[in-house]
Amino acid sequence: QVQLVESGGGLVQAGGSLRLSCAASGRTFSSYDMSWFRQAPGKDREFVATISGSGSLTYYADSVKGRFTVSRDNAKKTVYLQMNSLKPADTAVYYCAATSFGVATTQLSYNYWGQGTQVTVSS
């Protein structure tokens with residue numbers, strides 16, 4: 001069982017940066033591949049970024065590639081999402097998710113979800 005708690009969201013101006021954190025419970029954090037998803041008002045939840053359990057593999061949605069960086073610290077049981085050059089279109093609730101089924105970009109592959117953290121980017 002894994003519990004996930006996101007933090008770091010807030011209000012930022014366009015062009016600014018935020019770093020989201022997702023703290024996990026459980027003793028086998030490194031065995032889970034982790035991802036970030038987001039859901040904007042009135043839209044479906046969408047994939048943002050993923051990182052393998054070891055941290056050696058990452059993958060990004062085209063919309064954030066080159067601006068966002070996903071990383072993890074297995075000793076701290078935490079995954080991060082560094083978001084730079086933020087745009088109003090990045091406004092959403094950001095969720096972290098964990099899967100034991102391998103790196104994936106589809107929501108159905110994820111066993112565990114956090115409660116989400118709001119990111120608002122003003123123009």
Side-chain angles (χ1 to χ4, degrees):
Q1 193 80 351
V2 177
Q3 292 184 326
L4 304 172
V5 179
E6 301 98 333
S7 62
L11 173 65
V12 63
Q13 288 188 331
S17 298
L18 281 176
R19 188 176 81 155
L20 306 183
S21 299
C22 174
S25 65
R27 295 178 292 177
T28 59
F29 177 68
S30 61
S31 68
Y32 289 89
D33 301 307
M34 303 292 295
S35 284
W36 289 94
F37 290 81
R38 67 186 182 186
Q39 187 167 19
K43 296 187 176 181
D44 292 334
R45 192 177 298 184
E46 64 175 4
F47 167 78
V48 175
T50 191
I51 186 166
S52 61
S54 66
S56 61
L57 174 66
T58 58
Y59 182 76
Y60 299 90
D62 287 343
S63 59
V64 307
K65 201 172 295 182
R67 300 187 299 122
F68 290 12
T69 301
V70 61
S71 62
R72 66 191 295 161
D73 184 333
N74 285 341
K76 295 183 178 179
K77 299 181 183 177
T78 302
V79 63
Y80 305 97
L81 185 68
Q82 177 67 44
M83 305 185 295
N84 299 328
S85 302
L86 282 161
K87 306 174 182 179
D90 295 317
T91 295
V93 177
Y94 283 72
Y95 299 89
C96 69
T99 180
S100 54
F101 298 124
V103 172
T105 62
T106 55
Q107 299 180 55
L108 291 177
S109 298
Y110 287 82
N111 315 69
Y112 305 102
W113 292 83
Q115 83 290 348
T117 186
Q118 176 71 48
V119 171
T120 304
V121 184
S122 63
S123 57

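For the atom pair CD (Q39) and CD (Q107), the distance works out to 7.5 Å, reported to the nearest 0.5 Å.
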Checklist entry - Between M34 and C22, is a side-chain contact (heavy atoms from CB on, under 4.5 Å) present by the stated rule, with each step listed? => result CA-CA 10 Å; M34 303 292 295; C22 174; 4.3 Å; yes
Checklist entry - When you look at M83 and R19, which way does the side-chain contact (heavy atoms from CB on, under 4.5 Å) test go after all the steps? => result CA-CA 6 Å; M83 305 185 295; R19 188 176 81 155; over 6 Å; no
Checklist entry - Yes or no on salt bridge (charged side-chain N to carboxylate O under 4.0 Å, His left out) for D90 and K87, after CA distance, side-chain angles and deciding distance? => result CA-CA 5 Å; D90 295 317; K87 306 174 182 179; over 6 Å; no
Checklist entry - Run the side-chain contact (heavy atoms from CB on, under 4.5 Å) check on W113 and R45 step by step: do they pass? => result CA-CA 12 Å; W113 292 83; R45 192 177 298 184; 3.1 Å; yes
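Seen from the ring of Y60, R67 does not count as a face-on cation partner, given the 6.0 Å and 45° thresholds.
A single hydrophobic cluster is seen to contain both V119 and V79, as judged by linkage of ILVMFWY side chains at heavy-atom distances under 4.5 Å, directly or through other members. V64 is connected to L18 through a chain of hydrophobic side-chain contacts under 4.5 Å among Ile, Leu, Val, Met, Phe, Trp and Tyr, so both are in one cluster. One hydrophobic cluster, built from ILVMFWY side chains closer than 4.5 Å, holds both Y112 and L81. Both V48 and V12 are members of a single hydrophobic cluster when ILVMFWY side chains are connected at heavy-atom separations under 4.5 Å.
The heavy-atom pair separating R38 from A92 by the smallest distance is CB-CB, 3.8 Å. The shortest non-hydrogen separation linking N74 to G53 is ND2-O, 2.9 Å. Shortest non-hydrogen contact noted between T50 and V103 is CG2-CG1, 3.5 Å. Of all heavy-atom pairs between S21 and T78, the closest is CB-CG2, 4.2 Å. Closest approach of T91 to V121, counting heavy atoms only: OG1-N, 2.9 Å.
With T120 contributing its side chain and L11 its backbone, the two residues share no donor-acceptor pair below 3.5 Å. For the pair R72 (side chain) and S52 (backbone), a donor-acceptor distance under 3.5 Å is present. Between the side chain of D33 and the backbone N or O of A98, no donor-acceptor pair lies under 3.5 Å.
Judged by distance alone, the side chains of N84 and S17 do bring a donor and an acceptor atom under 3.5 Å apart.
The only option from F101, Y95, F37 that meets the side-chain contact (heavy atoms from CB on, under 4.5 Å) definition with Y110 turns out to be F37. Among I51, D73, L20, V70, the one residue that satisfies the side-chain contact (heavy atoms from CB on, under 4.5 Å) test with Y80 is D73.
Between S35 and T105 the shortest side-chain heavy-atom distance does not fall below 4.5 Å. Here the side chains of F47 and T106 are not in contact, with every heavy-atom distance at 4.5 Å or above.
In Q3, the CD atom is not crowded: 12 or fewer heavy atoms of neighbouring residues, nucleotides or ligands sit closer than 6.0 Å. Other residues, nucleotides and ligands contribute only 12 or fewer heavy atoms inside 6.0 Å of the NZ atom of K43. Around atom OH of Y59, no more than 12 heavy atoms belonging to other residues, nucleotides or ligands sit under 6.0 Å away.
Note on ring orientation: taking the six-membered ring where Trp is involved, the planes of Y94 and F68 are tilted (angle from 30° to 60°).
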